[in-house]
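Structure first, commentary second.
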There are 2 protein chains.
Amino acid sequence: MKTIEEFLESKNIRVTAMRLLIYKFLAEKQVAVTLSDIENAFEKADRTTLYRTIKTFEEKEIVHQIDDGTGITKYTLCEKGCNCEIETDLHLHFHCNNCNETICLTEHKIPQIKVPDGFVSENVNLVVKGICDKCSGQ
Amino acid sequence: MKTIEEFLESKNIRVTAMRLLIYKFLAEKQVAVTLSDIENAFEKADRTTLYRTIKTFEEKEIVHQIDDGTGITKYTLCEKGCNCEIETDLHLHFHCNNCNETICLTEHKIPQIKVPDGFVSENVNLVVKGICDKCSGQ
DNA sequence: TAACCAATGCAATGGAAGTGCATTTATTGT
DNA sequence: ACAATAAATGCACTTCCATTGCATTGGTTA
Ligand SMILES: [Mn+2]
Ligand SMILES: [Mn+2]
Ligand SMILES: [Zn+2]
Ligand SMILES: [Zn+2]
């Protein structure tokens, strides 16, 4: 069991107080978060630092973005073996129209999508919207 | 064969010069357009008018939005029988990473997506990115 | 014609993303 | 330990797109 410090070092980024805090914040959350969410959680820190931290995490494949159609980018920790960039590995995302939360459905892979002749598929984004388990009350 | 005027009236919106022009512009395009595209095509018209025209078209289900992940909303005419709001009718969208154009693949329906117990699927957004037929050169 | 309402135009706002540069903090070599 | 160096942080500013308030224009109806 790696410590967070060891994990960040293994990803070749320096360990700083801010990065540890943001990492822990993301790890505790069960849902994808926006930059504003992080901002609200760390009001003392500058927005730019938070922004750049999350971008660094993204580059190093510690988090991945989710475009859930709300127009606001959300971020969430990559799971182990989350090859964000490889099409075949892509899982789907669920956005709840009630509580407005977005989550990764890591175990639900995106089915093979057929495209017409002449088209080449490199990447797929699939977002299901509806009511999440918490909100459907079962 | 309805005229455009008759079509707009059947959708309960008033026929104006601007609306006719924008409708024709959309009808000629084979690809989804941004508000900026429309702006560039009608430089004499005010941006707000164009914006509100497209929003009116959207409300009346004359056009539908596409969120292709570029961060810029695109619009395209609904095809006949395009029940934009009904899940089972949803077709997929393709965004070309080369020419940056986005098109509806109307004939390609989104496969049934399984969601975990307790989750209710109301709507699905699926965008495939890659190289379009024009750009793949075949 | 007068009254009314919808469509248009202009100006301003807001939110989110991104950048330039100065300052602070951490790392490295001597 | 100290100086040199590089990275991280903070502040200010900018850009881009979406959206709204309000005044004006134009078309429809009594
Ligand atoms: Mn995910
Ligand atoms: Mn479409
Ligand atoms: Zn919910
Ligand atoms: Zn193309």
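Just so it is clear, the structure is predicted and the values come from calculations on it, not from any experiment. Chain identifiers are assigned alphabetically (A, B, ...) following the order of the sequence lines, protein sequences preceding nucleic acid strands; residue numbering begins at 1 within each chain.
Protein atom CZ of A/Arg47 is 12 Å distant from nucleotide atom P of C/dT19, rounded to whole Å. In this structure, the CG atom of B/Asp67 is 15 Å from the C1' atom of C/dA16, given to the nearest Å. One can place CG of A/Leu50 at 15 Å from C1' of C/dG18, the figure rounded to the nearest angstrom. If you measure from atom CD1 of A/Ile54 to atom C1' of C/dG18, you get 15 Å, rounded to the nearest angstrom. Distance B/Glu9 CD to C/dA6 P: 17 Å, rounded to the nearest Å. Atom CD of B/Glu5 and atom P of D/dG27 are 15 Å apart (whole Å). Atom CG in A/Asn12 sits about 15 Å away from atom C1' in C/dT27, given to the nearest Å. Atom C1' of nucleotide C/dA6 and atom NZ of B/Lys60 are separated by 12 Å, given to the nearest angstrom.
Residues passing the side-chain hydrogen bond (donor to acceptor under 3.5 Å, both in side chains) test with B/Thr56: none are found, sequence neighbours excluded. Partners of A/Glu58 according to the side-chain hydrogen bond (donor to acceptor under 3.5 Å, both in side chains) rule, which considers only residues two or more places apart in sequence or in another chain, are A/Lys55, A/Gln65. Partners of A/Glu9 by salt bridge (Lys or Arg N to Asp or Glu O under 4.0 Å), not counting sequence neighbours: none found. The side-chain hydrogen bond (donor to acceptor under 3.5 Å, both in side chains) test applied to B/Thr53 returns no partner, not counting sequence neighbours. For A/Arg47, there are no salt bridge (Lys or Arg N to Asp or Glu O under 4.0 Å) partners two or more places apart in sequence or in a different chain.
Members clustered with B/Ile66: none, using a 4.5 Å side-chain heavy-atom cutoff among hydrophobic residues. Applying the 4.5 Å side-chain rule to ILVMFWY residues, one finds A/Ile131 in the same cluster as B/Val120.
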Hey, what are the protein-to-nucleotides 10-13 of chain C N/O distances that come in under 3.5 Å?
residue, atom, partner, partner atom, Å
C/dC10, N4, B/Thr48, OG1, 3.1
C/dA11, N6, B/Thr48, OG1, 3.4

Tabulate protein N/O versus nucleotide N/O from nucleotides 5-7 of chain D, keeping only pairs under 3.5 Å, one per line.
residue, atom, partner, partner atom, Å
D/dA7, O4', A/Arg14, NH1, 3.4

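Looking only at atom types and distance, the side chain of A/His91 has no donor-acceptor partner in the side chain of A/Thr106 under 3.5 Å away.
The aromatic ring centroids of B/Phe25 and B/Phe42 lie less than 6.0 Å from each other.
Distances from the side chain of A/Met18 to the nucleotides D/dT9, C/dA17, D/dC17 place D/dT9 closest.
Using a 4.0 Å heavy-atom criterion, one finds that B/Thr34 contacts no nucleic acid atom at all.
Between B/Tyr51 and D/dA18 there is no side-chain polar atom (N or O) within less than 4.0 angstrom of OP1 or OP2. Side-chain N/O atoms of A/Thr16 include none lying less than 4.0 angstrom from OP1 or OP2 on C/dT25.
In terms of position on DNA chain D, the residue among B/Thr73 and B/Val15 whose nearest nucleotide sits closer to the 5' end is B/Thr73.
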